[in-house]
Amino acid sequence: MDGIHDFGGKQGYGPIDTGETEEPFHYPWEARLFGITRAYTRPVPFTLDWFRFTRETIEPAEYLNRRYYDQWLEAHEVIAVFGGAFTVEEVATGKSAGPIDGLPPPMRPDKVDAFKRVMTRYDRPSDAQPTLAPGDEVTARSNGAIGHTRLPQYVRGRRGWLEVFRGFHILPDTNMTGGEAAEALYSVSFLAADLWPEAAGRPDRVYLDLWESYLERA
Amino acid sequence: MSADDAERLGAIHRELHSHLPSEPALRVKALESLLVEKGLLDPQTVDRWIEVYTEEIGPKRGAELVAKAWTDPAFHDRLLADGTSGIAELGFEGWAGGHLDVVENTAKVHNLVVCTLCSCYPHSVLGIPPNWYKTAAYRARAVREPRSVIAEFGDRIPDDVEVRVWDSTAEVRYLVLPQRPKGTEGWNADRLAALVTRNSMIGTQRDLTSRVGQV
């Protein structure tokens with residue numbers, strides 16, 4: 001979606017807090033929320049892309065003002081309410097109006113050492129052949145999408161170069177709602193000078209990983 | 001997914017905003033209570049995950065990886081060819097490590113990592129991302145003015161060095177292999193690892209020379 005989350009190249013956000021201290025969590029509630037999201041049994045279907053899309057639909061002013069883990073919290077709440085597992089009343093009070101049948105028991109603490117090593121892969125075997133090859137000149141698609149997509153606005157309609165074929169990866173646009181389909185994924189480089197007027201004359205490049213349906217041969 | 005679904009999601013967000021307290025700590029507490037009551041969460045598992053990501057999984061792992069790449073040329077080559085297999089050699093498999101690409105700084109190239117659309121990060125080797133990595137300012141500026149961003153962190157990138165910004169738009173995650181600073185000849189891997197900063201593996205720091213006298 002063409003939402004507030006698509007920050008690349010936007011101006012006016014000011015300096016970066018380079019003096020931030022290095023501890024992983026800055027408030028106890030941030031650590032707690034992080035741990036909860038690693039530990040709880042999902043009561044409704046949940047994909048990484050559905051989570052990302054739900055976060056993208058936070059109202060723009062809230063998205064800008066809420067801390068990162070507060071955005072996570074809200075996305076998890078909205079997913080459970082949207083899926084019918086919790087009511088707004090339950091989320092607001094923390095009191096359950098009744099059990100949910102048929103769900104597996106929660107992860108126990110002694111399972112964390114196994115789960116912390118789990119490494120999910122998003123590529124899939126395919127008999128298809130990639131239609132683009134390293135060195136090809138490509139143009140990123142101009143249009144966005146109503147749902148989730150991973151084609152940022154700042155490269156849409158711009159020319160780039162195909163660098164590497166990365167295999168067939170699950171397409172976020174359909175995976176969002178559980179429709180798993182793998183599509184060729186490529187590393188594509190864009191000359192900074194082609195994206196930003198102030199970068200004229202610089203050798204710098206921006207690299208993105210883009211799916212085949214995001215690209216056209218230039 | 002339809003436009004109606006997106007509208008419904010938006011409506012739930014607004015409803016939650018009007019019913020829930022503004023203080024996030026209270027909302028997190030309510031969610032935890034609800035999940036426990038529903039039988040979906042064991043609070044001790046939450047404690048354990050926090051412990052793991054506070055004490056065990058963090059930038060020290062990335063530093064160990066970098067030091068090994070600096071001192072073991074065969075490992076260096078394997079790590080650059082396949083980052084995911086490379087981290088598995090050190091037992092650093094985990095969250096967001098399934099497609100890891102290690103990008104190397106050289107005299108002519110500097111790499112910087114960002115996720116403009118959310119906040120993707122190589123968690124199993126760097127742990128929890130800094131808050132600034134997740135802010136609008138960093139996500140907006142890193143792709144457009146990487147040199148100014150790095151300058152804000154204290155390093156100047158020479159004009160003849162090419163800056164490559166890696167925007168993590170898919171499930172590939174990036175780790176920067178910084179340059180080994182001069183004056184560290186003969187150092188063992190443990191001592192070298194102590195030099196390596198988290199920011200140098202994100203790319204907001206280029207030069208580790210100033211660390212040589214400090215470890």
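Model, not experiment: these values are computed from the prediction. Chain identifiers are assigned alphabetically (A, B, ...) following the order of the sequence lines, protein sequences preceding nucleic acid strands; residue numbering begins at 1 within each chain.
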What's the spacing between [X] [atom1] and [Y] [atom2] if we round to 0.5 Å?
X	Y	atom1	atom2	value
A/Ile146	B/Glu7	CD1	CD	10.0 Å
A/Arg55	B/Ser119	CZ	OG	5.0 Å
A/Thr87	B/Glu15	OG1	CD	9.5 Å
B/Asp42	A/Tyr40	CG	OH	16.0 Å
B/Cys118	A/Phe53	SG	CZ	14.0 Å
A/Trp29	B/Leu31	CH2	CG	12.5 Å

How far apart are the closest heavy atoms of [X] and [Y], and which atoms are they?
X	Y	value
B/Cys120	A/Arg150	SG-NH2, 3.6 Å
A/Gly9	B/Arg144	O-NH1, 3.0 Å
A/Arg121	B/Thr84	NH1-CG2, 4.2 Å
B/Pro24	A/Leu73	O-CD2, 4.2 Å
B/Leu9	A/Trp50	CD1-CH2, 3.8 Å
A/Gly14	B/Ala137	O-CB, 3.6 Å

Which atoms of [X] approach chain A - backbone, side chain, both or neither, heavy atom under 4.5 Å:
X	value
B/Ile57	side chain
B/Ser124	neither
B/Ser168	backbone
B/Leu100	neither
B/Arg14	both
B/Val52	side chain
B/Val36	neither
B/Phe92	neither
B/His19	both
B/Leu35	side chain

Under a 4.5 Å heavy-atom cut-off, does chain B meet the side chain of [X], its backbone, both or neither?
X	answer
A/Arg42	neither
A/Glu89	neither
A/Pro172	neither
A/Phe190	neither
A/Val118	backbone
A/Ala31	both

Counting heavy-atom pairs closer than 4.5 Å to chain A, which one of [options] comes out on top?
options	value
B/Leu20, B/Thr204, B/Thr135	B/Leu20
B/His17, B/His110, B/Lys29	B/His17
B/Trp95, B/Trp132, B/Tyr174, B/Phe153	B/Trp95
B/Lys38, B/Gln44, B/His123, B/Glu37	B/Lys38
B/Arg141, B/Glu145, B/Glu162, B/Glu56	B/Glu162
B/Gly91, B/Ala11, B/Ala170	B/Ala170

Neighbours of chain B found in residues 94-104 of chain A - heavy atoms under 4.5 Å: A/Gly94, A/Lys95, A/Ser96, A/Ala97, A/Gly98, A/Ile100, A/Leu103

Donor + acceptor pair across side chains of A/Tyr207, B/Asn111 (<3.5 Å): no

Could [X] and [Y] be called an ion pair, given the rule that one side-chain N must be under 4.0 Å from one carboxylate O?
X	Y	value
B/Arg27	A/Glu77	no
A/Asp113	B/Arg48	yes
B/Glu171	A/Arg52	yes

Working for side chain to side chain contact (heavy atoms under 4.5 Å, CB included), residues A/Val112 and B/Glu51: CA-CA 10 Å; A/Val112 171; B/Glu51 192 176 82; over 6 Å; no

Single hit among A/Arg108, A/Arg38, A/Arg32 for salt bridge (charged side-chain N to carboxylate O under 4.0 Å, His left out) with B/Asp47: A/Arg32

Using modelled atom types only, decide if a donor and an acceptor are shared between the side chain of [X] and the backbone of [Y] within a distance under 3.5 Å.
X	Y	value
B/Thr45	A/Met107	yes
A/Arg117	B/Glu93	no
B/His13	A/Val78	no
B/Thr169	A/Asp209	yes

Among [options], which has the most heavy-atom pairs under 4.5 Å with chain B?
options	answer
A/Asp17, A/Asp70, A/Thr93	A/Asp70
A/Val88, A/Thr37, A/Leu64, A/Asp6	A/Val88
A/Tyr27, A/Tyr154, A/Tyr63	A/Tyr154

Worked check of side chain to side chain contact (heavy atoms under 4.5 Å, CB included) between A/Leu185 and B/Val172: CA-CA 10 Å; A/Leu185 180 74; B/Val172 182; 4.3 Å; yes

Neighbour count >12 (heavy atoms, 6.0 Å) for atom NZ, A/Lys10: yes

Greater than 12 external heavy atoms within 6.0 Å of A/Phe115's CZ: no

Steps toward side chain to side chain contact (heavy atoms under 4.5 Å, CB included) verdict (A/Leu33, B/Glu32): CA-CA 8 Å; A/Leu33 190 272; B/Glu32 181 165 357; over 6 Å; no

Aromatic A/Phe82 / basic B/Arg8 pairing, under 6.0 angstrom, 45° off normal: yes

Derivation and outcome, side chain to side chain contact (heavy atoms under 4.5 Å, CB included), residues A/Tyr69 and B/Ile128: CA-CA 11 Å; A/Tyr69 288 112; B/Ile128 300 296; 3.3 Å; yes

